[in-house]
There are 2 protein chains.
Amino acid sequence: MSIKKIPESTISRLFVYLRELSELSKLNIRTISSSELGERVNLNDAQVRKDLGYFGQFGISGSGYDINELKAALEKILGKDKTWNVAVIGAGHLGSALITYPGFQQHGLNVVTAFDADVKKIGKRFGGITIQPAGELPKAVKEKKIAIGIIAVPAKDAQEVANSLVKSGVECILNFAPTVLSVPENVKVNNVDLSRALETFSYFLVNPALSGRVNKAVSGKK
Amino acid sequence: MSIKKIPESTISRLFVYLRELSELSKLNIRTISSSELGERVNLNDAQVRKDLGYFGQFGISGSGYDINELKAALEKILGKDKTWNVAVIGAGHLGSALITYPGFQQHGLNVVTAFDADVKKIGKRFGGITIQPAGELPKAVKEKKIAIGIIAVPAKDAQEVANSLVKSGVECILNFAPTVLSVPENVKVNNVDLSRALETFSYFLVNPALSGRVNKAVSGKK
DNA sequence: GTATATTTGTGAAAAATTGCACAAAGTCTG
DNA sequence: CAGACTTTGTGCAATTTTTCACAAATATAC
């Protein structure tokens, strides 16, 4: 294990491998080679090996990787064996949908608290979570050990919320507001623009001639 | 305009630029330089110019880019000068959030109708849209020229909804249900798993020391 | 109108990422 | 147990993407 930089795309692919390994594990398959795994997720075999190589040596020459072993290793690397507390800020339509979104639980993410600046929203309940006044955020982050903040407020308020989260010590922000947040270097922001998912519909369908000029997506991701 | 390949990341950034230009336009600012624009979206100025350079020459030496002109050019390139009619199926928390999600409008996507199978939901209104009975879907698709269907129903009902959309002639489906849809080849499906966006966080949270080894994310991407 | 400032567009350099290819390690067959 | 396969891990090459840096173009100040 060298001290080389790890591409973020490698991390994305690790999640893809993990998902595939989980499937394989259910089917009671014991081992898999990098080329078989690569084929299943549309990637080069060398890519698979190189990605894993950033984190150690998991394979056996001549026979490949033990599926359950590799799965466990990836879960550890990716933090899938842990759970995290999440706060949702903004209890409008989107925010309240996120509070009760069942998918988070499956990924070890527990929404433990939610906030809104609007007095009319405070006290409302969504699936066991009661909306708190926005001013309570810093205290709650510390008391409830919030690791991730989800911003679901209008774009114009997003930066202010981000500042508050950062000041309270949150280092991971998922931003649903369609705006660019500026945060310190140590804070990681993921932007989700729900309309982004529809963008490919408009760009690629409207410009079929140009789409041939666009480099294909590489990993399972975006 | 050369014949060079266009990185997919460039396309993503174009959407980011466009969003920023729309903001600037609202503020009645007339021109912007690549470095100013870059600063606003956390990118190198050369990156901005090179991205635009794939599609033509839009700037004026010494003064920069005319915001409205560049905005119009990007809208054309990205197919944003066209609009699409959208139907939302499922009027639960997520569905009702999507019906009123302001981001869609900005991307030329008009939610013109919404459906639910639950009799109790029918007739409810969300931002000007009245929930229709699911049975009305085929008729509405034709009458309202629906191009895109958004599935926001529980996973177990998603396939049935997809079948109905396809049968009605919809060729683009955005699926928020955490399940894999099977559809004919000519139908384009985009899956959105909201928890996917949170996945990379678990890695950073569990490996704070390693995070310095990971290359920074580039754009609003991924 | 000349000199000084900006700012674009773009080759070329640098950096990052992916793919090749092969030695080394392990497996399998008879 | 020898020889033929298989498959890993990784240095290195190829490709892709980003950044630098500078000539050319335009703007501004006086």
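Each chain gets a letter, A, B and so on, in the order its sequence line appears, and its residues count up from 1.
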Roughly how far, to the nearest 0.5 Å, is the CH2 atom of B:W84 from the CZ atom of B:F104?
15.0 Å
Is there a Watson-Crick or G-U wobble partner for C:dT4 with both distances under 3.5 Å, and which nucleotide is it?
D:dA27
Name every donor-acceptor pair, under 3.5 Å, that has one atom in a side chain of residues 60-67 of chain B and the other anywhere in the protein, sequence neighbours excluded.
from  : atom 1 : to    : atom 2 : distance (Å)
B:D66 : OD1    : B:N68 : N      : 3.1
B:D66 : OD1    : B:E69 : N      : 2.9

Do A:V170 and A:I148 have side chains that approach each other closer than 4.5 Å (heavy atoms only, starting at C-beta)?
no
Rounded to the nearest 0.5 Å, how far does CD1 of A:I150 lie from SG of A:C172?
11.0 Å
Side-chain atoms of B:Q47 come closest, of D:dG9, C:dT18, D:dT19, to D:dT19
Distance, rounded to the nearest Å, where B:K5 contributes NZ and D:dT17 contributes P:
9 Å
Atom CD of B:E36 and atom C1' of C:dT8 are separated, to the nearest Å, by 14 Å
Does C:dA5 sit syn or anti, given that only angles within 90° of 0 count as syn?
syn
Got a sec? Which of residues 57-74 of chain B come in under 4.0 Å of DNA chain C, heavy atoms?
B:Q57, B:F58, B:G59, B:I60, B:S61, B:G62, B:S63, B:G64, B:Y65
Interatomic distance where CG belongs to A:L43 and P belongs to C:dG19 [whole Å]:
8 Å
Checking contacts here: which listed nucleotide (D:dT19, C:dT8, D:dT8) is nearest the side-chain heavy atoms of B:S33?
C:dT8
Considering every strand and a 4.0 Å limit on heavy-atom distances, what is the contact class for B:S34: base, sugar-phosphate, or nothing?
sugar-phosphate
Find the distance B:N44:CG to C:dG9:P and express it as a whole number of Å.
15 Å
With rounding to the nearest 0.5 angstrom, report the NZ to CG distance, A:K188 to A:L174.
11.0 Å
Between P on D:dT19 and CG on B:D51, what's the gap in Å once rounded to a whole number?
10 Å
Between D:dG9, C:dC20, D:dC22, which nucleotide has the shortest distance from any of its atoms to the side chain of A:R49?
D:dG9
Side chains of B:L70 and B:L52, heavy atoms from C-beta outward: is any pair under 4.5 Å?
yes
Side-chain contact check for B:S9: nearest option of D:dT17, D:dC20, C:dG9 is D:dT17
When rounded to whole Å, the CG to C1' distance for the pair A:D45 and D:dT6 reads 12 Å
Report the distance from atom CD1 of A:I6 to atom P of C:dT18, rounded to the nearest whole Å.
13 Å
Tell me the interatomic distance from B:L52, atom CG, to C:dT10, atom P, rounded to whole angstroms.
11 Å
A:R40 side chain near A:L24 side chain, heavy-atom distance below 4.5 Å:
yes
What's the closest nucleotide to the side chain of A:K50 if the choices are D:dT8, C:dG19, D:dA21?
C:dG19
